[in-house]
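Every chain is numbered from 1 and lettered A, B, ... according to where its sequence line falls, protein lines coming before strand lines.
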2 protein chains.
Amino acid sequence: MTRTHLPTTVALRVVVSLAQHGTVSSAAQALHLTQSAVSKQLKSIEELAGMCLFTRTSRGLAPTEAGVIYIEQARLALGALETAAVRLAGLRSSQPTIRLHVLPILGDRWFMPRFSRFAELHPRIDIQFTTFAPSDTLEEADAVFRFGDGTWPGWDANYVLGRDVVLASSPHLIARNGGLNAADDVRNFPVLDHLQTPLRWSDFGAACGFSDFRPPRVIRFGYYALVIRAAISGQGLALVPRSLILDELASGQLVNPLGLGFSSKNGYWLTTPASRPLHADLAILRDWILSEARQSEGRV
Amino acid sequence: MTRTHLPTTVALRVVVSLAQHGTVSSAAQALHLTQSAVSKQLKSIEELAGMCLFTRTSRGLAPTEAGVIYIEQARLALGALETAAVRLAGLRSSQPTIRLHVLPILGDRWFMPRFSRFAELHPRIDIQFTTFAPSDTLEEADAVFRFGDGTWPGWDANYVLGRDVVLASSPHLIARNGGLNAADDVRNFPVLDHLQTPLRWSDFGAACGFSDFRPPRVIRFGYYALVIRAAISGQGLALVPRSLILDELASGQLVNPLGLGFSSKNGYWLTTPASRPLHADLAILRDWILSEARQSEGRV
DNA sequence: TGCGGCTATTCCATTTCGGACTACCTTCGA
DNA sequence: TCGAAGGTAGTCCGAAATGGAATAGCCGCA
């Protein structure tokens, strides 16, 4: 008889974060835990599941068939919990809470690190975050980060950042591959692609005037964090919104020697339901976000 | 800024169990916890939610508006975790696991208490239970308990128990209400009804030959466990499958002085997908369940 | 008014959990 | 070929959470 032991909620977050980040260490960082803690959580949930959820590769972890199933359900479970929290926040009429839906990569790499400053500036404003909430509950949110070209019927959209897409590579990869001295050299490099935003490389090729751009190898990933990680470890060239890799560019982990890149039609936007009037606190938050974004992208 | 603290999974089970059972004590019993533990879990999750999820009445707990929302999402979350477990069990081809979906009231009051005996008899047979799994995943189960008349297209159904429906009352209620000396006296009592099986009382009226049966008061509940609990506390007469209240009838907490009742069209069935051949272990389980059920209903 | 049934709280033993540290493996470049 | 880098797993330990027993207290009711 199977003991009806349930996983912990942090184990669920661990599993999801592992899938997104591909290594125990970076998942841990995203969760504000140590590598040790995450490793143990992973072990315990795999024991509970009775099978491996991730295969250990030399570069990190990749979900197994079972892992894919588990991750999917873990997201659903976390989404339900977020939905509950959001709806309760909606009931609390006395102290209005801003319900903000964030996207994984944008939240991890740009928004959350900066948000603590906002929280200090405006300790009175209460914000409820969601990231796993199912898409049919998004209209309950007061503001939603989205990726696209800015047209979402029924929503007012403010451009945040992300249209400034740059080529990024590990310096070692460039050295190993005979250098990157002209745009045309890009053709000799393997490239990293993101399954959900697949047009990046053809857009880039067009911007560079390549008539026919066929990289020697394309490696695809399901999460942008994996693309960035793979770029850092020298697996190929990546195209990434500059604002998401400011730290890596500054530290030299990633470089863009020729300053290649292009201006994308798509970027990250902050959207608010057009039907609802904008609450004063929400306007403050929005303006702060837009101002931070201008700073990150160097638009004065 | 709202701390993104997630509730524990046991807190989720507590909330759901509280809704089903209506008191901390009986929820605790169903969860194999103490009243103290459940009370504390409730407190902690209410603090996390920032509002009361249950109103404390003199007889127990009733969900608030916020509670209803939370309970719904908690079920979804638990359902997702069950789905994950079930699907993983399906992958483990080496050691086949029987995936069995149980109904709350039947599981709590009849199946689970007896199941430990089966587990002793057949320690080799591994069973994975689900109770919250969403209905569109039921076809993944190997066997599903259902309530109805035995016709489910695509499923083979074996009658288990529950068609023997009896009148049940607290002895105090009968004493307080001038006795129950003839079937017709039933008309003087308030009755307890179950929202999901609403025809019980009209069926009963018909079986007793009442031309027009209008109880002075009808109290409705969303869970059968609440009906039984209300009956025990003397809030009204209940119609309950006899096998679900064997203990209470034996102890005198519930009585049926005139032996009233009727044979219902609907009962609990064990169903198996008609498309899949019956695994040997599953046949063992089914036969054991049917034999236990015959014993409970006194059908030799 | 006292009893039964219920919840909340306190105290305490136990367990769990997370962080620091260590061990160890693999890849990669000089 | 070796050392550095980056990764995971395991051990040890202090802190925190948790659950059970016992207790206090509340409410409805005979």
Open item on the list: Which residues in residues 45-56 of chain A have a heavy atom closer than 4.0 Å to any atom of DNA chain C?
Closed with: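 Heavy-atom contacts with DNA chain C come from no residue of residues 45-56 of chain A; none.
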So, does [X] use its side chain to make a donor-acceptor pair with the main chain of [Y] at under 3.5 Å?
| X | Y | answer |
| --- | --- | --- |
| B:Gln73 | A:Thr83 | no |
| A:Glu82 | A:Ala133 | yes |
| B:Trp201 | B:Ala238 | no |
| A:Asp108 | A:Ala30 | no |

Open item on the list: On DNA chain C, compare the nucleotides closest to B:Ala37 and A:Leu173; which residue's is nearer the 5' end?
Closed with: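 Between the two, 5'-proximity favours B:Ala37.
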Task: DNA chain C: 5'-proximal contact among A:Leu33 and B:Gly60 (nearest heavy atom) - done: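 Comparing both residues, the 5'-ward one is B:Gly60.
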Task: OG1-CG distance between A:Thr9 and B:Leu12, expressed to the nearest 0.5 angstrom - done: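 Atom-to-atom, A:Thr9:OG1 and B:Leu12:CG are 7.5 Å apart.
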Open item on the list: Quick check for you: to the nearest 0.5 Å, what is the distance between B:Phe54 atom CZ and B:Tyr70 atom OH?
Closed with: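 Result: 11.0 Å between the selected atoms.
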Task: Sequence-distant partners of B:Ala27, side chain to side chain contact (heavy atoms under 4.5 Å, CB included), two or more places apart - done: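 Once residues adjacent in sequence are excluded, the partners of B:Ala27 under the side chain to side chain contact (heavy atoms under 4.5 Å, CB included) criterion are B:Ser17, B:Leu18, B:His21.
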Open item on the list: Suppose we screen for side chain to side chain contact (heavy atoms under 4.5 Å, CB included). Which residues come up paired with A:Glu65, at least two apart in sequence or across chains?
Closed with: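 So A:Glu65 forms a side chain to side chain contact (heavy atoms under 4.5 Å, CB included) with B:Leu91.
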Open item on the list: Among A:Thr23, A:Leu53, A:Leu42, A:Thr55, which residue satisfies the side chain to side chain contact (heavy atoms under 4.5 Å, CB included) criterion with A:Leu61?
Closed with: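 Answer to the side chain to side chain contact (heavy atoms under 4.5 Å, CB included) test with A:Leu61 among A:Thr23, A:Leu53, A:Leu42, A:Thr55: A:Leu42.
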Close side-chain approach of [X] and [Y], heavy atoms under 4.5 Å:
| X | Y | answer |
| --- | --- | --- |
| A:Phe189 | A:Leu173 | yes |
| A:Val14 | A:Leu31 | yes |
| A:Glu248 | A:Arg109 | yes |
| B:Pro190 | B:Leu237 | no |

Between the protein and nucleotides 12-16 of chain D, which nitrogen or oxygen pairs are less than 3.5 angstrom apart?
none

Which atom pairs, donor and acceptor, lie under 3.5 Å between side-chain atoms of residues 223-231 of chain A and protein residues at least two apart or in another chain?
from	atom 1	to	atom 2	distance (Å)
A:Tyr223	OH	A:Arg75	NH1	2.9
A:Tyr224	OH	A:Arg200	NH1	3.0
A:Tyr224	OH	A:Leu239	O	2.4

Task: Near-strand residues of residues 15-25 of chain A, defined as heavy-atom separation under 4.0 angstrom from DNA chain D - done: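 Correct list: A:Thr23, A:Val24, A:Ser25.
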Open item on the list: Below the 4.0 Å mark, does D:dA21 have OP1 or OP2 next to a side-chain nitrogen or oxygen of B:Thr34?
Closed with: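 B:Thr34 to D:dA21 OP1/OP2: no side-chain N or O under 4.0 Å.
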Task: Rounded distance (Å) that lies between atom P of D:dT18 and atom CG of B:Leu12 - done: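 Computing the B:Leu12:CG to D:dT18:P distance gives 12 Å.
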Partners passing salt bridge (charged side-chain N to carboxylate O under 4.0 Å, His left out) against [X] (at least two apart in sequence or in another chain):
| X | answer |
| --- | --- |
| A:Asp185 | none |
| A:Glu72 | none |
| B:Arg87 | B:Glu140 |

TODO: Select base, sugar-phosphate, or nothing to describe what B:Ser44 touches, counting heavy atoms under 4.0 Å on all strands.
DONE: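 No contact.
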Open item on the list: For the CD atom on B:Gln29, are there more than 12 heavy atoms of other groups (residues, nucleotides or ligands in this structure) within a distance under 6.0 Å?
Closed with: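 Counting neighbours around CD of B:Gln29, 12 or fewer heavy atoms of other residues, nucleotides or ligands fall under 6.0 Å, so no.
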Open item on the list: For a 4.0 angstrom threshold against heavy atoms of chain A, report the outermost contacting nucleotides of DNA chain C in 5' to 3' order.
Closed with: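 Footprint of chain A along DNA chain C, 5' to 3': C:dC17 to C:dG29.
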What does the list of N/O pairs under 3.5 Å between the protein and nucleotides 25-30 of chain D look like, with a distance for each?
from	atom 1	to	atom 2	distance (Å)
D:dA30	OP1	B:Arg176	NE	3.3

TODO: Look at the side chain of A:Leu61 and decide which nucleotide, out of D:dT8, D:dG10, D:dG19, has an atom nearest to it.
DONE: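 Looking only at heavy atoms from C-beta outward on A:Leu61, the closest nucleotide is D:dT8.
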Please tabulate, one pair per line, each protein N/O and nucleotide N/O from nucleotides 22-24 of chain D that are separated by under 3.5 Å, including the distance.
none

